[in-house]
Trainee: 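Submitted below is the structure of interest, expressed as structure tokens.
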Amino acid sequence: MTTPLLDASRLVRREIAGVSVADLARQHGTPLYVYDADMIRRRCRDLAAWDTIRFAQKACSNLAVLDLIRREGVLVDAVSTGEIHRALVAGYEPHAAPGTASVETLPPAHPIVYTADIFDREALDAVARLGIHVNCGSADMLEQLAERVPGAAVTLRVNPGFGHGHSQKTNTGGEGSKHGIWHEEIPEVLRRAEWAGLSVSGLHMHIGSGADLAHLAEVAGALERIAHEIGRSLTTISAGGGLPVPYKPDEQHADLGGYFTLWDAARKRLEDRFGHRLRLEIEPGRYLTAEAGSVVTEVRAVKRQGSRKYILVDAGFNTLARPVLYGSYHPMSLCPAAGGEPDGIEEVAVGGPLCESGDIFTQSDGGYVATRPLPAASVGDLLVIEIAGAYGFVMASNYNSKPLPAEVLIDGGSARLVRARQTPEDIVRGETV
Ligand code: LLP
């Protein structure tokens, strides 16, 4: 049953960054990822106070996005050989040009940092061959690196003993997390680093993704304490990522100014203690790209299961996995195929094409199907799933042998295809009968 609410138009969206949603779908097909370049630039500039913004590219690693971010002066994090390769192709240098060291100037920043808890063999080869700086999340990594790059300077990723995230699956601190070097192990790890002939130049903590600022703020104090244990060899400290973005209508942007002030004060106290400058880094993924990205998908069926109404679209959890993985909420709006305003709002569940019950975009944590108020939809209308620019395309899969979607970047009012949709041949490439 539709309720004729006045604000149906609030949930109608006909344009993304000045380009018609219908034209995007006509030209590039659906499902389609669309990014707004200006929104990404704005989010980069929000963090200008930090010495280094290091993009956790795992959030959105399309080459065009990396190139745009590089032009904003943002550096990059890589967690695999594939991400190192992407950074290089997007124009990042593998390592910093040697700078002139002085106590008054900031040390040069590493354009690419490899952050992980292990080296697989190809990643170890890549960092050794290219001279890429490593952020080590386990003591084993130190010895493996020292064997290949004697005398290297490294960053330690420390697990401060607490963590927080929007889901337990994105909490990367505390005993429940495999990430980082346990905070109580630091004296032992420093001995192992020294024995291996490595110097510790960086200290990094990342307690989780989508944490709230109150939890993130606790990290500054924990990092300061560990920095005292490491001492004067430190030249860089990193607050990690985790900055939240508002997904739900009642959520707001966090106070980034206050967050920077807190970290800057910790940095200054450490500078006074060590007698030299310290570079202060932040490592956001979600914050830079989430709000810039949308999935455009087409309504292919509208049906009722008992008392519940379902809208089935051509995007599924193969396209955007966050709802099935974490019960994540993504705002949605409708772009009706026919002109004119929709005649009311109704409560619907939104699902995709996959042969699996969990293929539902409106679900809560635990897999319970929920509903969402949306304008009455018909086959052929387009649905825009919003705030999908972080952990969207990068977590898409070929499940059910569906092609990875196309990606489009809109800049200055024009849309450019930055990744072609996969073809059936792409899907079976490398397989033999
Ligand atoms: N630094 C490190 C070491 C990380 O592991 C991560 C994210 C980040 C930075 C960036 O965190 P962000 O600023 O984006 O919160 N797939 C999940 C998120 C997983 C995050 C993994 N690590 C999601 O869709 O919510």
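Ligands are counted one by one from 1 in listed order, and the atoms in each one are counted from 1 as well. Everything numeric in this text was worked out from a predicted model, so none of it was measured.
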Trainee: Looking only at protein heavy atoms, which one is nearest to atom 24 (O) of ligand 1, and what is the separation?
Mentor: R322 NE, 2.6 Å
Trainee: In the protein, what heavy atom is nearest to atom 3 (C) of ligand 1, and what distance, to one decimal place, separates them?
Mentor: R157 NH1, 3.4 Å
Trainee: Could you find the nearest protein heavy atom to atom 17 (C) of ligand 1 and give me its residue, atom name and distance?
Mentor: Y326 OH, 3.1 Å
Trainee: Near T170, which atoms of ligand 1 are under 4.0 Å from a heavy atom of that residue?
Mentor: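 In order of numbering, the contacting atoms are 17 (C), 18 (C).
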Trainee: Any idea which protein heavy atom is nearest atom 6 (C) of ligand 1, and the distance to it?
Mentor: K58 NZ, 3.1 Å
Trainee: If the cut-off is 4.0 Å to any non-hydrogen atom of G285, which atoms of ligand 1 fall inside it?
Mentor: 10 (C), 12 (P), 13 (O), 14 (O)
Trainee: Work out whether the distance between some heavy atom of G242 and some atom of ligand 1 is less than 4.0 Å.
Mentor: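 Flag set, G242 near ligand 1.
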Trainee: Looking just at side-chain N and O atoms, do S397 and N318 make a donor-acceptor pair shorter than 3.5 Å?
Mentor: no
Trainee: Rounded to the nearest 0.5 Å, what separates atom CG in L88 from atom CD1 in I112?
Mentor: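 Result: 4.5 Å between the selected atoms.
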Trainee: Hey, would you say the F119 and Y114 ring centroids sit under 6.0 Å apart?
Mentor: yes
Trainee: Roughly how far, to the nearest 0.5 Å, is the CD1 atom of I84 from the CZ atom of R129?
Mentor: 8.5 Å
Trainee: Do the side-chain N and O atoms of H179 and N159 include a donor-acceptor pair separated by under 3.5 angstrom?
Mentor: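 No.
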Trainee: What atoms of ligand 1 come within less than 4.0 Å of a heavy atom belonging to R286?
Mentor: 12 (P), 13 (O), 14 (O), 18 (C), 23 (C), 25 (O)
Trainee: What protein heavy atom sits nearest atom 9 (C) of ligand 1, and how far away is it?
Mentor: E283 O, 3.2 Å
Trainee: Take every heavy atom of T172, measure it against each atom of ligand 1, and state whether any distance is under 4.0 Å.
Mentor: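 In this structure, T172 fails to qualify as a contact of ligand 1 - no heavy atom is under 4.0 Å.
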Trainee: Among H206, M395, H204, which one has a heavy atom closest to atom 8 (C) of ligand 1?
Mentor: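 Result: the heavy atom closest to atom 8 (C) of ligand 1 is in H206.
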Trainee: Checking a contact table here: which protein heavy atom is nearest atom 15 (O) of ligand 1, and how many Å away?
Mentor: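 So the nearest neighbour among protein heavy atoms is S209 OG, 2.4 Å.
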Trainee: At less than 4.0 angstrom from any non-hydrogen atom of P284, what atoms of ligand 1 do you find?
Mentor: 13 (O)
Trainee: So is A59 in contact with ligand 1, going by heavy-atom distances below 4.0 Å?
Mentor: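 In this structure, A59 fails to qualify as a contact of ligand 1 - no heavy atom is under 4.0 Å.
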Trainee: Does H133 have any ring-ring contact (aromatic ring centres under 6.0 Å, His included) partners at least two apart in sequence or in another chain, and if so, which?
Mentor: H110
Trainee: Just by distance, with hydrogens left out, do E83 and S61 show a side-chain donor and acceptor under 3.5 Å apart?
Mentor: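 Side-chain D/A pair, E83 to S61: absent.
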Trainee: In ligand 1, which numbered atoms sit nearer than 4.0 Å to a non-hydrogen atom of H166?
Mentor: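 Those of ligand 1 that fall under 4.0 Å from H166 are 23 (C), 25 (O).
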Trainee: For R41, run the salt bridge (charged side-chain N to carboxylate O under 4.0 Å, His left out) check against D411, D46, D36 and tell me which one passes.
Mentor: D411
Trainee: Mind checking whether Y35 and Y33 have parallel, tilted or perpendicular rings, split at 30° and 60°?
Mentor: parallel
Trainee: Are any of the heavy atoms in H179 under 4.0 Å away from ligand 1?
Mentor: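 For ligand 1, residue contact (heavy atoms, under 4.0 Å) with H179 is absent.
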Trainee: So is G210 in contact with ligand 1, going by heavy-atom distances below 4.0 Å?
Mentor: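 G210: in contact with ligand 1 (<4.0 Å).
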Trainee: Heavy-atom contacts with A56 under 4.0 Å: which atoms of ligand 1 show up? List them by number with element.
Mentor: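 Answer for ligand 1: 8 (C), 9 (C), 10 (C).
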Trainee: Any side-chain donor paired with an acceptor under 3.5 Å for T423 and D426?
Mentor: yes
Trainee: What orientation do Y247 and H330 show, parallel under 30°, tilted 30 to 60°, or perpendicular over 60°?
Mentor: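 Aromatic pair Y247/H330 classed perpendicular.
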